[in-house]
Amino acid sequence: PPTGPRVNWRDAMKRSASTNFTVRAAVEYIDDGEYLPVLLKLIRSAKQTILINMYEIPKRKTVQENLENILDELKRAVKRDVYVRMTLFMPTYEGDALSEAHAELGARLREEGIDVRFSAPGAPMHEKLVVVDLCKVLIGTHNWSEGALTGDRVYECGALMVLPQQDERLMEHVLTRNIVSDMRSRETWQQEITTFRHLHALGKKEREELIKQLSVSSDQLSASGSQGSESQVAGQESNFGLRTLNFGQKSDKLYLKTGEILEGKIVGETDGQFTFLQHSGVQTVKRGTVMFAVYGNEADAEKKLGLAEARRLCQDEGLYDVDILPTDTIGAAVVQAAESATRSVGILSYYLSENNFGPIKKFYEILTKKAQSGLDVTIICSFGPTTTAEVKKDTMNFASTLEPSGIKVLYIYSTKVQHKKMVLVDGDLVILGSSNLTEAGMSTSDEINARIRSPSFVREAQADFQELQA
């Protein structure tokens, strides 16, 4: 989709608001090295769209074979007229190694037809999310580093979800993240990133004054008729819905790259185009102009998107409620989970932080009281040679305040980093995803998590926890 200069600086420094929602899906627990083969299968199965929000794709001096395999599959998807959008984290500070790594990767992939975007610096994006055809979803802790992708050097976990029908709320979540707007060239996006970083470095008064100046310039730009990406699909002001026709609840929709929605009935498909019926008649729509094609009929989605084959990736193909929990709702979810515990709470966390406020403070207060009353509360953290001294210090300091209540804090000393993020309650409920159990993970970063009660999923997660515990 076309992009242009940012037309909204007033909300530029804010994290995107988001709400939880529930989907019905077949689910499968994804452990360590299971992620890569599942990811590749999902990419190869894509018929229309691949949406990716990824915190980290680090640059290495040696060849990253697994990463290159993923990128090659994404390029092949583009050649099949699949719309591939990848949003990469852009650090607040220029000296961060990921800043240059993601900028170089973004420039390279945009030349290959992948719609790479960057999170707005100062509004951190920590998600690890892949959505294929708006109905096949991977949520978890896997970054796209070689250590995480092989499963050899990092303990990771995730959830595969296969929905019976597309869910436009997944699209809405991805497209409403706060991102860099002007992607016309590396020069234009670098200019916008530099402006973001300058704003972040200013004091409150100076920042507000500069935002006023930038807003005046943006208003003049809008009045002149110049087109910014937020008037497209890529920022806080998506104009999807510019033109819709009511065909009832079973209508199909084509979301075009111009931001327009066509509503009617898909009556024919080929590799190159859709034949689309509207009140005004039949028209052909080239696949290359379409971002999303959403089927109103579940049977059509099943047939066109290969959902039966995708469900076979799950041991239990039954459908269960899965709650999708972005940042604004994960805090309340973990507090509720702790309050509901009657037998045990198991926690996998990269590290512990003593600087806790709001929901995460309440979470630990509840765990402390539960442990004092005899509830089994066990936390497993990373403490190996690759864990930084600062992380070890924070973890040990906070653990020393928890242990007198009876909470057990265990440490993994191996070279394999403990990066799983999971809350397991009573062997009945699992919450996992990108959020660390810290203030940042509960309030300031863009995060994505899932709450799952599928018996088979919970059993696999419980077995994984017990194996690490042993």
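As the structure is a prediction and not an experimental result, all values here were calculated from the model. Only heavy atoms go into these numbers, but all of them, side chains included; no hydrogens, no water, no symmetry mates. Throughout, numbering of the chain's residues begins at 1 and tracks the sequence.
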For a quick check under 3.5 Å, do [X] and [Y] share a side-chain donor-acceptor pair by atom type?
X    : Y    : value
Y351 : D394 : no
E146 : N66  : yes
Y83  : D115 : yes
T387 : S382 : yes

Ion pair present between [X] and [Y], side-chain N to carboxylate O less than 4.0 angstrom?
X    : Y    : value
K361 : E439 : no
E365 : K362 : no
E94  : R197 : no
R24  : D167 : no
E127 : R15  : no
E100 : R186 : yes

Please give me the minimum heavy-atom distance between [X] and [Y], naming the atom from each residue.
X    : Y    : answer
I347 : V345 : CG1-CG1, 4.0 Å
G331 : M442 : CA-SD, 3.5 Å
G441 : S435 : O-OG, 2.9 Å
A17  : R177 : O-NH2, 3.5 Å
A77  : V84  : CB-CG2, 4.2 Å
I139 : L432 : O-CD1, 3.9 Å

For the pair R117 and E192, evaluate salt bridge (Lys or Arg N to Asp or Glu O under 4.0 Å) and give the outcome as yes or no after the intermediate values. CA-CA 12 Å; R117 308 298 178 100; E192 187 174 336; over 6 Å; no
Are the side chain of [X] and the backbone N or O of [Y] linked by a donor-acceptor pair below 3.5 Å?
X    : Y    : answer
D133 : Q48  : yes
R451 : A337 : no
S45  : L42  : yes
S99  : G95  : no
H102 : F118 : no
D252 : I266 : yes
T395 : L352 : yes
R76  : R44  : no
T3   : M183 : yes

Calculate, to the nearest 0.5 Å, the distance between atoms [atom1] and [atom2] belonging to [X] and [Y] respectively.
X    : Y    : atom1 : atom2 : answer
I30  : Y35  : CD1   : OH    : 10.0 Å
L36  : K41  : CG    : NZ    : 11.0 Å
Q165 : N297 : CD    : CG    : 7.0 Å
L129 : H173 : CG    : NE2   : 6.0 Å
M54  : H142 : CE    : NE2   : 10.0 Å
L348 : C157 : CG    : SG    : 6.5 Å

Picking from [options], what satisfies side-chain contact (heavy atoms from CB on, under 4.5 Å) with [X]?
X    : options          : value
Q166 : V131, V294, T49  : V294
I211 : Q213, E208, R207 : R207
V137 : L51, I324, L170  : L170

Side chain to side chain, [X] and [Y], heavy atoms closer than 4.5 Å:
X    : Y    : value
V322 : S454 : no
T289 : Q273 : no
W189 : M90  : no
R287 : F274 : yes
Q191 : D182 : no
M86  : W144 : yes
Y320 : I452 : no
D328 : T19  : no

Kindly determine whether N53 and M125 satisfy side-chain contact (heavy atoms from CB on, under 4.5 Å), including the steps that lead there. CA-CA 8 Å; N53 286 354; M125 194 274 292; 4.0 Å; yes
Using the side-chain hydrogen bond (donor to acceptor under 3.5 Å, both in side chains) rule, pick out the option among H419, K420, K421 that qualifies with E156.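 When H419, K420, K421 are each tested with E156, the side-chain hydrogen bond (donor to acceptor under 3.5 Å, both in side chains) holds only for H419.
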For the residue pair K253 and F292, would you count it as a cation-pi contact if the rule is NZ or CZ under 6.0 angstrom from the ring centre and within 45 degrees of the ring axis?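 No; the conditions do not both hold, so K253 does not lie above the ring face of F292.
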For side-chain contact (heavy atoms from CB on, under 4.5 Å), just list the numbers for L71 and L105, CA-CA rounded to whole Å, side-chain angles, deciding distance to a tenth of an Å, and then say yes or no. CA-CA 10 Å; L71 299 181; L105 181 64; 3.9 Å; yes
Check: Y364 ring centre within less than 6.0 Å of F398 ring centre: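 They qualify: ring centres under 6.0 Å apart.
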Test of understanding: with side chain to side chain contact (heavy atoms under 4.5 Å, CB included), list the residues that count as partners of T444, not counting sequence neighbours.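 For T444 the side chain to side chain contact (heavy atoms under 4.5 Å, CB included) partners, ignoring immediate neighbours, are A440.
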One pair to check against side-chain contact (heavy atoms from CB on, under 4.5 Å): I412 and I380. What are the steps and the verdict? CA-CA 7 Å; I412 292 182; I380 302 176; 3.8 Å; yes
Relative to the ring of F457, is the ring of Y29 parallel (under 30°), tilted (30 to 60°) or perpendicular (over 60°)?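 It falls in the perpendicular class, over 60°.
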Considering residues, nucleotides and ligands other than E68, do more than 12 of their heavy atoms fall under 6.0 Å from its CD?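 It does: E68 CD has more than 12 such atoms within range.
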Apply side-chain contact (heavy atoms from CB on, under 4.5 Å) to residues F196 and W9 and explain how you reach the verdict. CA-CA 9 Å; F196 267 111; W9 282 100; 4.2 Å; yes
So K286 and D81, salt bridge (Lys or Arg N to Asp or Glu O under 4.0 Å) or not? Walk me through it. CA-CA 9 Å; K286 292 182 178 179; D81 278 331; over 6 Å; no
